Q: 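Questions regarding the structure given below will be posed in turn.
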Amino acid sequence: MRRIGIWLAAGGLLLATAACGGGGSGDTGGGGGGSKAQSLSVGFVAEPANLDFTSTEGAAIPQALLVNVYEGLVKLDQNGEIVPLLAEKWDVSDDRKTYTFTLRKDVKFSSGAPFTADDVVFSLDRVRSDWKLKIKSQLDVIDDVEKKDGTTAVVTLKRPSNGFLYAMATRLGAMFSRTGVADLANKPVGTGPYVLGAWRRGDSIRLDANPSYWGTKPPVSSVTLKYFKDATAMNNALLTGGIDVISSVQAPESLQQFADPNRFETVEGTTNGEVVLSMNNGRPPFDDKKVRQAVRHAIDHKALLDTAWAGRGQLIGSMVPPTDPWYEDRTGDYPYDPAKAKQLLGGKTYDVKMRIPNLPYAVSSAQVVKSQLAQVGITADIEPLEFPARWLDQVFTKGDYDLSIINHVEPRDMGIFADKSYYFRYDNPEFGKLLASADEGTEQQQTDDLKQAAKLLSDDAAADFLFLFPNLIVAKKGVTGLPKNGISESFDFTALSRQP
């Protein structure tokens with residue numbers, strides 16, 4: 001198999017769904033898997049509005065369902081490498097345009113229907129015909145998908161693409177049953193180790209072990225995703241035994257509550273999540289590059305990270321996390337310099353509206369940004385919006401905002417800036433040319449082009465990049481199999497277990 005470079009030519013928004021929660025845990029649960037029936041409860045925020053990630057934006061749905069309920073031909077491992085899943089292997093032609101996937105045998109959907117190459121053709125064709133999300137353009141590079149035989153599918157690309165296989169590891173590569181898409185919003189049908197057990201809207205989703213799963217059965221028989229919007233309630237739920245895991249800590253300063261090693265353990269790793277101060281490049285005042293540059297100079301990023309997120313996370317200065325091969329530390333591009341910011345503003349003052357999701361990291365960061373911008377003459381009125389519904393409608397869809405703050409958690413998502421209709425409203429054709437060249441070139445060309453693209457974004461001050469979101473998980477002592485790094489769209493439950 002030929003190894004190729006990887007990158008997403010055009011990304012989409014996977015909004016921050018940092019976790020909190022509450023809910024029951026116990027020693028028994030429905031479903032199979034494991035020699036001793038167990039259940040675990042994991043806390044999250046931003047409950048999915050529905051269960052159809054082919055038509056609904058946001059991270060909450062793939063976070064719950066991808067890898068756990070739906071599987072793709074490939075997936076990302078904890079190191080960000082592409083590894084086999086429903087495909088045992090794949091071969092790439094010398095011209096890098098033809099991918100031949102050899103599928104696992106005897107795989108069934110939870111409905112009992114067999115998984116074959118016909119489903120691969122159906123699923124990938126459906127991205128083009130039925131998906132509603134902007135990110136579907138990542139697979140526009142596909143020219144044809146055909147069934148060679150029952151366990152062999154051949155994908156032909158229009159041109160070589162470094163991003164294709166990586167895109168297949170995201171929700172775009174999820175495999176659907178030809179007879180299982182009638183009610184995706186409520187009844188997911190996948191090949192994964194879990195099936196939907198119950199959904200109590202406004203409260204929780206329970207996933208039960210799939211008794212007919214083709215692979216290694218999950219150690220626990222059920223996992224409950226419990227949704228809370230209040231960080232204090234989430235913390236109390238873990239302290240009092242109501243939940244087993246906080247999937248993403250909402251208030252890092254609260255970690256001291258879980259310092260007892262006899263009761264709790266903390267997992268700290270990294271993510272792909274760039275917490276972005278979005279600026280609407282399509283309307284005043286942020287259609288003016290100097291005003292955007294002034295904003296970047298006005299923000300003391302270290303002070304913001306220390307104040308808003310207890311110093312947890314990493315300053316990166318760009319839309320590229322350190323886990324990507326083309327990462328460069330760009331934190332020095334716009335040093336904190338209020339005098340320079342005032343100079344760029346030319347003595348003008350502005351009143352702007354900062355519409356943010358009502359999520360803890362965004363609210364905390366917005367307060368610091370507001371204070372620092374006020375020092376240079378920009379008065380920001382903070383308006384928290386219910387997330388995901390109102391934020392997606394007003395900011396993401398309608399672009400009705402001046403400033404916003406959101407955690408872009410999709411891996412390798414710098415390409416979202418290439419779409420001038422995207423909510424940033426950034427429009428620079430040179431940026432798009434660099435992305436296209438990177439996708440089609442050699443691995444070295446890809447790295448060089450993407451470094452240039454990241455520099456161009458920074459030079460244009462298309463947005464400000466506040467910090468890289470950390471992966472902070474707290475669990476009851478004895479819970480194992482927690483994902484240290486949050487580098488894919490999914491919170492992978494398949495290895496979760498609890499020692500007696």
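Quantities reported herein were computed from a predicted structural model and do not represent experimental measurements. Because only heavy atoms are used, hydrogens play no part in the values below, and waters and symmetry mates are left out as well, while side chains stay in.
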Q: Shortest non-hydrogen contact from E274 to V320?
A: OE2-N, 4.2 Å

Q: Could you tell me whether W391 and Y401 have their ring centroids closer than 6.0 angstrom?
A: no

Q: Could you go through residues 335-354 and list every donor-acceptor pair under 3.5 Å that involves a side-chain atom there, pairing it with any protein atom two or more places apart or in another chain?
A:
from : atom 1 : to   : atom 2 : distance (Å)
D337 : OD1    : A339 : N      : 3.3
D337 : OD1    : K340 : N      : 3.0
K353 : NZ     : D381 : OD2    : 3.1

Q: Could K158 and D140 be called an ion pair, given the rule that one side-chain N must be under 4.0 Å from one carboxylate O?
A: no

Q: Apply the test side chain to side chain contact (heavy atoms under 4.5 Å, CB included) to residues N407 and Y361: give CA-CA distance (whole Å), side-chain angles for both, the deciding distance (0.1 Å), then the verdict.
A: CA-CA 9 Å; N407 183 7; Y361 74 87; 3.4 Å; yes

Q: Decide yes or no on side chain to side chain contact (heavy atoms under 4.5 Å, CB included) for L76 and Y166, but give the supporting numbers first.
A: CA-CA 8 Å; L76 295 178; Y166 203 94; 3.5 Å; yes

Q: For the pair E47 (side chain) and G202 (backbone), establish whether a donor and an acceptor sit closer than 3.5 Å, ignoring hydrogens and angles.
A: yes

Q: Among R159, R412, K433, which residue satisfies the salt bridge (Lys or Arg N to Asp or Glu O under 4.0 Å) criterion with D439?
A: R159

Q: Nearest 0.5 Å, what's the CD-NZ distance between Q375 and K370?
A: 11.5 Å

Q: Write out all pairs satisfying side chain to side chain donor-acceptor pair (under 3.5 Å) with one or both partners inside residues 70-79, taking only residues at least two apart or from two chains.
A: E71-T191, E71-Y213, E71-W214

Q: Step by step, work out the side chain to side chain contact (heavy atoms under 4.5 Å, CB included) result for V369 and L277.
A: CA-CA 9 Å; V369 169; L277 175 63; 4.2 Å; yes

Q: Kindly say whether I487 contributes a backbone atom to a donor-acceptor pair with the side chain of N485 at under 3.5 angstrom?
A: no

Q: Roughly how far, to the nearest 0.5 Å, is NZ of K420 from CG of N281?
A: 13.5 Å

Q: Taking atom types as modelled, is there a side-chain donor on K89 or T100 under 3.5 Å from an acceptor on the other?
A: no

Q: Taking the six-membered ring for Trp, are the ring centroids of F465 and H408 within less than 6.0 Å of each other?
A: no

Q: In chain order, what residues pass the ring pair (Phe, Tyr, Trp, His ring centres under 6.0 Å) check against F286, with sequence neighbours excluded?
A: none

Q: Report the distance from atom NE2 of H301 to atom CD of Q314, rounding to the nearest 0.5 Å.
A: 13.5 Å

Q: Residues in ring pair (Phe, Tyr, Trp, His ring centres under 6.0 Å) with F122, at least two apart?
A: none

Q: Looking only at atom types and distance, does a side-chain atom of T56 sit under 3.5 Å from a main-chain N or O of F53, one as donor and one as acceptor?
A: no

Q: Roughly how far, to the nearest 0.5 Å, is CZ of F228 from CE of M234?
A: 10.0 Å

Q: Are any of the side-chain heavy atoms of I406 and F387 separated by less than 4.5 Å?
A: yes

Q: Checking salt bridge (charged side-chain N to carboxylate O under 4.0 Å, His left out) for the pair R283/D402: CA distance, chi angles, key distance, verdict?
A: CA-CA 8 Å; R283 73 185 193 188; D402 298 318; 3.1 Å; yes

Q: When you measure from the side chain of S161 to the backbone N and O of L157, does any donor-acceptor pair fall under 3.5 Å?
A: no

Q: Could you tell me whether a side-chain N or O of D324 sits under 3.5 Å from a main-chain N or O of W326, the two making a donor and an acceptor?
A: no

Q: Is the shortest side-chain heavy-atom distance between L103 and F115 below 4.5 Å?
A: yes

Q: Applying ring-ring contact (aromatic ring centres under 6.0 Å, His included), run through F417 and Y422 and close with a yes or a no.
A: CA-CA 7 Å; F417 285 91; Y422 205 71; 7.7 Å; no

Q: Hey, does Q293 have a side-chain heavy atom less than 4.5 Å from the side chain of Y334?
A: yes

Q: Compare every heavy atom of P48 with every heavy atom of I61, then report the nearest pair and how far apart it is.
A: CG1-CB, 3.7 Å

Q: Working to the nearest 0.5 Å, report the span between OG1 of T270 and CG of N471.
A: 8.0 Å

Q: Please confirm whether the backbone N or O of A64 pairs with a side-chain atom of N68, one donor and one acceptor, at under 3.5 Å?
A: yes

Q: Using the rule salt bridge (Lys or Arg N to Asp or Glu O under 4.0 Å), only one of D460, D333, D464 pairs with R296; which is it?
A: D464

Q: So do L207 and V69 actually touch side chain to side chain, heavy atoms under 4.5 Å?
A: yes

Q: Run N358 and R390 through side-chain hydrogen bond (donor to acceptor under 3.5 Å, both in side chains) and show every step you take.
A: CA-CA 10 Å; N358 62 339; R390 286 195 66 212; over 6 Å; no

Q: Minimum heavy-atom separation for A251 and W309, please, with both atom names.
A: N-CH2, 4.3 Å

Q: Any side-chain donor paired with an acceptor under 3.5 Å for S490 and D492?
A: no

Q: If you measure from the Lys or Arg side-chain nitrogens to the Asp or Glu carboxylate oxygens, is any gap between R312 and E268 under 4.0 Å?
A: yes

Q: Check for a donor-acceptor pair, side chain of T170 on one end and backbone N or O of A167 on the other, with a separation under 3.5 Å.
A: yes

Q: Which heavy atom of D449 sits nearest to which heavy atom of A438, and what is that distance?
A: OD2-N, 3.3 Å

Q: Flag the pair N162 / E440 as yes when at least one side-chain heavy-atom distance between them is below 4.5 Å, and no otherwise.
A: no

Q: Is there a side chain to side chain contact (heavy atoms under 4.5 Å, CB included) between N186 and W199 once you walk through the steps?
A: CA-CA 9 Å; N186 300 289; W199 182 12; 4.2 Å; yes

Q: To check you understand the geometry: which heavy-atom pair defines the closest contact between P321 and L468, and what is its length?
A: CB-CD1, 3.8 Å

Q: Below 4.5 Å, heavy atoms only, C-beta onward: do N272 and F469 meet side chain to side chain?
A: no

Q: Are Y99 and F164 close enough that their ring centres sit under 6.0 Å apart?
A: yes

Q: So do M168 and I82 actually touch side chain to side chain, heavy atoms under 4.5 Å?
A: no

Q: Got a second to check how far E383's CD is from L403's CG, nearest 0.5 Å?
A: 12.5 Å

Q: Considering non-hydrogen atoms only, spot the tightest contact between Q372 and A303 and give its length.
A: NE2-CB, 4.1 Å

Q: Using 4.0 Å as the upper bound for N to carboxylate O, is an ion pair formed by R355 and D400?
A: yes

Q: Report the residues that fulfil side-chain hydrogen bond (donor to acceptor under 3.5 Å, both in side chains) with Q444, sequence neighbours left out, ordered by chain and then residue number.
A: D448

Q: Anything under 3.5 Å between a donor and an acceptor, one on a side chain of residues 173-180, the other on a protein residue two or more places apart or in another chain? List them.
A:
from : atom 1 : to   : atom 2 : distance (Å)
S177 : OG     : T179 : N      : 3.2
S177 : OG     : T179 : OG1    : 3.1
R178 : NE     : D119 : OD1    : 3.0

Q: Does the distance from a Lys or Arg side-chain N to an Asp or Glu carboxylate O, for K455 and D459, drop under 4.0 Å?
A: yes

Q: For T397 and L392, indicate whether the former's side chain and the latter's backbone hold a donor-acceptor pair under 3.5 Å.
A: yes

Q: Would R128 count as a cation-pi partner of W131, with NZ or CZ less than 6.0 Å from the six-membered ring centre and within 45° of the ring normal?
A: no

